[in-house]
**Q** 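Here it is: the structure, laid out below.
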Amino acid sequence: MSLWFENQKENPILCVSAVNMDERKTLDDRAKMTELERLRHSAAHVMATAILRLWPDAQFAAGPPVENGFYYDVDLKHRISPEDFMAIEAEMKKEIKANHPFEKIVVTREQAIADAQAGRLGALGARPGNPSVFKLGNLEAIPEGEQITYFKNGDFVDLCAGPHVMRTGNIGAFKLTSVASAYYKGDERNPQLQRIYGTAFKNKTQLDEYFKMLEEAKRRDHRKIGQEMGLFAIDTEYVGPGLPLWLPKGTAIVEELEKLAKETEFAAGYVRVKTPHIAREKMYLTSGHLPVLYAESMYPPMTLRAESGKKVDVEAQARSIEQSDQLLRENMEKIFPRLKESNYSLQEFEKDFWQKPEQVRIHLEKSAIATVFSKSKWAQLPEPDRYYLKAMNCPHHHRIFAAEPRSYRDLPLRLAEYGTCYRYEQSGELFGLMRVRSLNMNDAHIYCTPEQFAAEFNAVNEMYLKYFKIFGIDKYVMRFSTHDPSRLTGDNAKFVNEPELWKQTEDMVRQTLIDSKIPYVEVPNEAAFYGPKIDVQVWSVIGREFTLATNQVDFAVPAKFGLTYRDKDNSNKTPLCIHRAPLGTHERFIGFLIEHYAGNFPLWLAPEQVRVMTLGEEEPLVNYAKAIVNELRANFVRCESDFSSNKINGKIQDAEQAKVHTMLVIGGRDMEAGNVSVRLHGKGNLGAKPKAEVVADILQSIKERRA
RNA sequence: GCCAAUGUAGCUCAGUGGUAGAGCAACGGUUUCGUAAACCGUCGGUCGCCGGUUCAAUCCCGGCCAUUGGCUCCA
């Protein structure tokens, strides 16, 4: 159940996209379950019933309806695989055929605890010695005074607040879809359970439609289309997982987006900067990314240290020392007897090294030398000099702010950059272009005074809306993320420890949102480490949901860098900083656009905007066609040609499959009349038109960024 | 990172304990075609990587890597 806003500003505050109708929603929320959700919730119970018939010792945790179906989390020794689905579905059918009523039973907390301990909850009967452990946990989460209920279908009794359909027979058509894993209550410290997914509908027709829709979604998948259209490639073997290569066609889109951003930002008073991709450790110790708050999302450092004019990889040495083996050392000592001397320095070693014959040197790996040599030297090495790949652009921008003295007259200062960042996302999180390790952010940092904050923050929000209009994005939610005070300090600290500033800035953002009447939802505990933020969550047409744009407040880091401006009263003050990325990253944004348009990009974005093809290869005809190609290319239109000996149907087939936006088909008749025949991708033949008119229309459409 | 599934030619996919096939693409030739596939031929693979079992492994077993579906995390 996802709620979104259809680009309207009617209801100022709004409800949550309840992806999980989970155990701990309020009873009120649960009562709002739609008919279909009830049906799926009931299907989850029936599935549990079936699983218990096959594996009586299964322990169940939570089994809610979700956006496209339902799941039930189960703890079971047997690993359920899709091969088991048939058997489970067969048991489910029996339960549905039996048409048991769903009976609601009200019990006392004492009774519920006793039943759980007897293993009777989420079970077909009492299971001595096998208590319903997860149900006990769920019981604890139910507030005092709230009614505790069971639902019973046939022999199966479950702790459940409902609601359900009347009878098992009301579950029309269902199918198990996948098995995944999930932590109990979503917490990775809890045991890992098997999550069995299924879906259910009122009838077979709707179920079939759903699977058809999934097929359609597969066709639109950005990974598939990106591959077919030659937009990007991910070369895990040579480049690395999560590090996409933009092929020429994809780069065309990248550059159109950058052009759009640059024009928009220029008009909004931004200035552009450029920064390197790496920085020294001090940068991130100062910003707070290191040592804790962002460390696990960063690539490990490159460690450099100058010694006798050579770069030495100190970290590699350290690792090698730990693993060094005696044999290696002995072999090395045969070649370099002085290694046995404790005061043998690296400089001396180097001299000796270069005196050895090449055949010897060639077999000595650098790391082997480091291993043997540094064993005694390690303690003498100076502090390593570490460089990190940047995970964010802000620290570099802060240093640009610091590069010159600033006056209140300079503010707001808006520094923009399409900056490339590198984040070490966990391996299981990588996903096509949507979740990658190298990302190009449509980034900018706005340094302003508290008085300027609301106007600047709003201007950023307005910029989102402007972009969304261009791309026809009408399903989105603004998510206002705040901090969790319990995570300012301690082992699982997630936010900078500035409780007062958190409160002030969160109030400020909330007020700005309310004043501007932008609909939003508030989500606790999801702020950036340096301040509250607004993310814009969108849904691609195939129902994939993710965060595109972001607008974040930073009250903490400018102060850590000692950034100040001279105010009217001649005092030095710390600016506020707004981090914003309305187009998110190229990777995710283009991934989204591919699915949004199903690869059928509007003319201005299309990788290949125009293809000119001829009927035949006669010279005059080809020359006429070439002149058109040249004219378009002279106007920066991405125009290709097909003058091959292929038949026209074949050429058209090729162009349609390549999703070329505009196809210009030229034969003798067109040439004689000074015409071209226009065919639009997916729209068929529009017939012959005067050449000049067609060219002008193409240029105009691109200029206006027509949808 | 965790759980599960998957990995065969550029792409989509067959297949087998005895060192592999199809269609499309690519390349060469023939064809000169008015809006979604003209015809013929050729090339193309360390069957993800490493190890084990076996006379013999792409197939069986183990480890690793990657992808996918989720979990956790996030632009």
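Proteins get letters first, then strands, A, B, ... in listed order; numbering begins at 1 in each.
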**Q** Look at all strands and tell whether A/Glu526 reaches a base, only sugar-phosphate, or nothing, counting heavy atoms closer than 4.0 Å.
**A** nothing
**Q** Sticking with atom C1', work out how far B/rG45 lies from B/rA9, rounded to a whole angstrom.
**A** 5 Å
**Q** Roughly how many Å is it from CG in A/Asp654 to P in B/rC24, rounded to a whole number?
**A** 13 Å
**Q** Is a donor-acceptor contact shorter than 3.5 angstrom present between the side chain of A/Arg423 and the base of B/rC73?
**A** no
**Q** According to the Watson-Crick and G-U wobble definitions, with both distances under 3.5 Å, which nucleotide is paired to B/rA4?
**A** B/rU68
**Q** Would you say the base of B/rU35 and the side-chain of A/Gln653 have a donor-acceptor pair closer than 3.5 Å?
**A** no
**Q** Are OP1 or OP2 of B/rG69 and a side-chain N or O of A/Arg223 less than 4.0 angstrom apart?
**A** yes
**Q** What does A/Ser427 touch in the nucleic acid at a heavy-atom separation under 4.0 angstrom: a base, only the sugar-phosphate, or nothing?
**A** base
**Q** Under 4.0 Å between any heavy atoms, over every strand shown, what does A/Gly591 touch: base, sugar-phosphate, or nothing? Just pick one.
**A** nothing
**Q** What interatomic distance, in whole Å, is found between C1' of B/rG18 and the corresponding atom of B/rA56?
**A** 6 Å
**Q** Please give the distance between the C1' atoms of B/rC59 and B/rG15 as a whole number of Å.
**A** 10 Å
**Q** Look at the side chain of A/Glu429 and the backbone N and O of A/Gln426, then say whether any donor-acceptor pair between them is shorter than 3.5 Å.
**A** yes
**Q** Is it true that A/Lys466 and A/Glu462 have a side-chain N and a carboxylate O under 4.0 angstrom from each other?
**A** no
**Q** Rounded to whole Å, how long is the line connecting atom CG of A/Leu593 with atom P of B/rA75?
**A** 19 Å
**Q** Nearest heavy atom decides the nucleotide; on that basis, is A/Ile648 or A/Ser297 closer to the 5' end of RNA chain B?
**A** A/Ile648
**Q** So, do A/Leu583 and A/Tyr467 sit near enough that their side-chain heavy atoms are less than 4.5 Å apart?
**A** yes
**Q** Please tell me which of the listed nucleotides, B/rU35, B/rA37, B/rA38, lies nearest to the side chain of A/Asn646?
**A** B/rA38
**Q** With the side chain of A/Val179 defined as its heavy atoms from C-beta on, choose the nearest nucleotide among B/rC3, B/rC73, B/rA4.
**A** B/rA4
**Q** Looking at every strand, decide which applies to A/Ile234 at a 4.0 Å heavy-atom threshold: base, sugar-phosphate, or nothing.
**A** nothing
**Q** Just to confirm, is there a sub-4.0 Å distance from OP1 or OP2 of B/rG70 to any side-chain nitrogen or oxygen of A/Gln194?
**A** no
**Q** I want to confirm an ordering. Mapping A/Tyr424 and A/Leu433 to their closest nucleotides on RNA chain B, which one lands closer to the 5' end?
**A** A/Tyr424
**Q** Measure up the A/His586 and A/Tyr418 rings against each other and bin them: parallel (under 30°), tilted (30 to 60°), perpendicular (over 60°).
**A** parallel
**Q** Which base, if any, makes a Watson-Crick or G-U wobble pair with B/rA56, both distances under 3.5 Å?
**A** none
**Q** Heavy atoms only, 4.0 Å cut-off, all strands: where does A/Lys683 land among base, sugar-phosphate and nothing?
**A** nothing
**Q** Could you please name the option among B/rU67, B/rU68, B/rA4 that lies closest to any side-chain atom of A/Pro241?
**A** B/rU67
**Q** For B/rC74, does either OP1 or OP2 sit under 4.0 Å from a side-chain N or O belonging to A/Arg588?
**A** no
**Q** Counting only side-chain nitrogens and oxygens, does A/Lys651 get under 4.0 Å of the OP1 or OP2 atom of B/rG34?
**A** no
**Q** When both hydrogen-bonding distances must be under 3.5 Å and the geometry is Watson-Crick or G-U wobble, what is B/rG45 paired with, if anything?
**A** none
**Q** Counting heavy atoms from C-beta on, name the nucleotide in B/rU31, B/rU72, B/rA75 closest to the side chain of A/Ser645.
**A** B/rU31
**Q** The side chain of A/Asn649 is closest to which nucleotide in this list: B/rA4, B/rA75, B/rA38?
**A** B/rA38
**Q** Which residues within residues 667-674 of chain A lie with some heavy atom under 4.0 Å of an atom in RNA chain B?
**A** A/Gly667, A/Gly668, A/Arg669, A/Asp670
**Q** Would you please classify the geometry between the A/Tyr464 ring and the A/Phe468 ring as parallel, tilted or perpendicular, with 30° and 60° separating the classes?
**A** parallel
**Q** Using Watson-Crick or G-U wobble geometry with both distances below 3.5 Å, tell me the partner of B/rC39, or none.
**A** B/rG29
**Q** Please state how far atom CD in A/Glu425 lies from atom P in B/rG70, giving the value in whole angstrom units.
**A** 17 Å
**Q** Among side-chain atoms of A/Lys390 and A/Thr275, is any donor-acceptor pair under 3.5 angstrom?
**A** yes
**Q** Side chain of A/Tyr197: nearest nucleotide among B/rU35, B/rG70, B/rA75?
**A** B/rG70
**Q** Students often get this wrong, so: under 4.0 angstrom with heavy atoms, is A/Leu193 touching a base, only sugar-phosphate, or nothing?
**A** nothing
**Q** Tell me whether A/Lys533 is salt-bridged to A/Asp535, with the criterion being a basic N under 4.0 Å from an acidic carboxylate O.
**A** yes
**Q** Given atom CG of A/Leu214 and atom P of B/rU68, what is their separation to the nearest angstrom?
**A** 17 Å
**Q** A/Met613 has an atom CE; how far is it from atom C1' of B/rU32, in whole Å?
**A** 17 Å
**Q** Do the side chain of A/Thr585 and the base of B/rA75 come within less than 3.5 angstrom through a donor-acceptor pair of N or O atoms?
**A** yes
**Q** May I ask which nucleotide in the shown strands pairs with B/rA9, Watson-Crick or G-U wobble, both distances under 3.5 Å?
**A** none
**Q** Does a side-chain heavy-atom distance below 4.5 Å link A/Ile234 with A/Leu245?
**A** no
**Q** Calculate the interatomic distance between A/Asp235 atom CG and B/rC11 atom C1'; express it in whole Å.
**A** 16 Å
**Q** With rounding to the closest Å, how many angstrom separate the C1' atoms on B/rU53 and B/rC13?
**A** 31 Å
**Q** Side chain of A/Ala182: nearest nucleotide among B/rG69, B/rC71, B/rA75?
**A** B/rC71
**Q** Once the angle between the rings of A/His483 and A/Trp502 is folded into 0 to 90°, is it parallel (under 30°), tilted (30 to 60°) or perpendicular (over 60°)?
**A** parallel
**Q** For the P atoms, the ones on B/rG28 and on B/rC43, what distance do you get once it is rounded to whole angstrom?
**A** 15 Å
**Q** With rounding to whole Å, what would you report as the distance between B/rC71 and B/rU16 at their P atoms?
**A** 36 Å
**Q** Taking a pair as Watson-Crick or G-U wobble with both distances under 3.5 Å, which nucleotide is matched to B/rG62?
**A** B/rC50
**Q** Less than 4.0 angstrom between a side-chain N/O of A/Ser178 and OP1 or OP2 of B/rG70, yes or no?
**A** no
**Q** Under a 3.5 Å cut-off for both distances, is B/rU16 Watson-Crick or wobble paired, and to whom?
**A** none
**Q** Output yes when A/Arg479 and A/Glu526 qualify as a salt bridge under the 4.0 Å nitrogen-oxygen rule, no when they do not.
**A** yes
**Q** Side chains of A/Thr547 and A/Gln537 only: does a donor on one sit below 3.5 Å from an acceptor on the other?
**A** no
**Q** Is it the case that B/rA75 (base atoms only) and A/Arg580 (side chain only) share a donor and an acceptor within less than 3.5 Å, ignoring hydrogens and angles?
**A** no
**Q** Please state the C1' separation for the pair B/rG51 and B/rU12 - nearest whole angstrom.
**A** 32 Å
**Q** If I take atom CD in residue A/Gln192 and atom P in nucleotide B/rG1, what distance separates them, rounded to the nearest angstrom?
**A** 14 Å
**Q** In terms of side-chain heavy atoms of A/Tyr183, which of B/rU72, B/rA75, B/rU32 is nearest?
**A** B/rU72
**Q** Work out which heavy atom in A/Phe480 is nearest to a heavy atom in A/Thr482; give both atom names and the distance.
**A** CZ-CG2, 3.6 Å
**Q** Looking across every strand, which nucleic acid part, if any, lies under 4.0 Å from A/Ser677 by heavy atom: base, sugar-phosphate, or nothing?
**A** base
**Q** Whole-Å distance between B/rU31 P and A/Leu615 CG?
**A** 18 Å
**Q** Give me the distance, rounded to whole Å, that separates B/rU42 from B/rC74 when you measure between the C1' atoms they each carry.
**A** 50 Å
